[in-house]
K.L.:
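I'd like to ask you about the structure that follows.
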Amino acid sequence: MRRPGLDTGLCFLLASGLLLVLARVFGDDFVAALLPVFRWELELLDDHYRILFLGLTSQGADSVVRLDVTLARPVIAGARVIVPDPRGIATVTTLAGHVLQPAILMLAGLVAWPVRQLHEYHARVATGAVMLTLLLLVDVPFVLLAEIWSMFVEPHASWSYSPLIAWSAFLQSGGRLALALALSVFVVIAGQRFADVPKGLFARGAKLCGFS
């Protein structure tokens, strides 16, 4: 007897395994392709810093995204004004795997969840691409910016609450994986709804034409 839940679980494990293998081989290339977008986003989010370097480097056995910045203009931290100093360079890193983990989890969920009809996959792919892009944009760039903020500003204004630091802490304590799962569920539901739209339009058209 077939067990849909068991089949879905096995498909999820198989998809995860395949994606992990692909990430092992092509993961650095995937992350490197996103770096220009991350750079643009960081410059858009906060122009207090000038990016000196943003790229992939090795840290022991790990591949990391490294960001080097210096102050581009003064920053007010509490009652203190921090002025730019060309000798002052801040370096922060985050694992390249932090880009890959939510992508793998989300894609595995989308592949494993069964579809009722083939064109539901088309809707799922389109919606999934948008949601995955949003997920990547609110993750690593914000984590890097939070680390920079904590180095420049937090020592002089440790009493203040920072939504940026709180968001980074949420992501790094499992939040990015929770978001990936939640978005997988959303994409599956959205794919089912979008797949039903043509069928509903066809039924209404047939009714208007007197065929039903």
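Bear in mind that the values here come from a model prediction, so they are computed numbers and not experimental data.
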K.L.:
Find the distance between CD (Gln172) and CG (Asp139) and round it off to the nearest 0.5 Å.
P.N.:
8.0 Å
K.L.:
Measuring from Ser184:OG to Trp113:CH2, what's the distance to the nearest 0.5 Å?
P.N.:
10.5 Å
K.L.:
Are Met106 and Phe30 co-members of a hydrophobic cluster defined by side-chain heavy atoms under 4.5 Å apart?
P.N.:
yes
K.L.:
What's the spacing between Thr93 OG1 and Leu56 CG if we round to 0.5 Å?
P.N.:
11.5 Å
K.L.:
List the atom of Trp167, the atom of Val138, and the distance in Å for their closest heavy-atom pair.
P.N.:
NE1-O, 2.8 Å
K.L.:
Only one of Leu54, Asp47, Val140 passes side-chain contact (heavy atoms from CB on, under 4.5 Å) with Leu42; say which it is.
P.N.:
Leu54
K.L.:
Closest approach of Arg39 and Ile51, non-hydrogen atoms and distance?
P.N.:
NH2-O, 3.3 Å
K.L.:
In a check of side-chain contact (heavy atoms from CB on, under 4.5 Å) between Val69 and each of Leu145, Ile148, Leu144, which one passes?
P.N.:
Ile148
K.L.:
Among Ile, Leu, Val, Met, Phe, Trp and Tyr joined by side-chain contacts under 4.5 Å, find the other residues sharing a cluster with Trp40 and list them by chain and number.
P.N.:
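Cluster partners of Trp40: Leu44.
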K.L.:
Below 4.5 Å, heavy atoms only, C-beta onward: do Ser150 and Ile165 meet side chain to side chain?
P.N.:
yes
K.L.:
Between atom CG of Leu107 and atom CG of Leu22, what is the distance when rounded to the nearest 0.5 Å?
P.N.:
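That separation rounds to 10.5 Å.
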K.L.:
Looking at Phe26, I want to see if its CZ is surrounded by more than 12 non-hydrogen atoms of other residues, nucleotides or ligands under 6.0 Å.
P.N.:
no
K.L.:
Minimum heavy-atom separation for Pro102 and Leu135, please, with both atom names.
P.N.:
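For Pro102 versus Leu135, the nearest heavy atoms are CB-CD2, 3.7 Å.
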K.L.:
Are Phe38 and Leu67 side-chain neighbours, meaning at least one heavy-atom pair lies under 4.5 Å?
P.N.:
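When only atoms from C-beta onward are counted, Leu67 and Phe38 do not touch, as no gap falls below 4.5 Å.
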K.L.:
Can you measure from CZ (Arg66) to OG1 (Thr94) and round to the nearest 0.5 angstrom?
P.N.:
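It comes to 14.0 Å.
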K.L.:
Are there over 12 heavy-atom neighbours, none belonging to Arg73, within less than 6.0 Å of that residue's CZ?
P.N.:
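Result for CZ/Arg73: enclosed.
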K.L.:
Counting only heavy atoms not in Phe53 (residues, nucleotides, ligands), do more than 12 fall under 6.0 Å from its CZ?
P.N.:
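Atom CZ in Phe53 is packed in, count exceeds 12.
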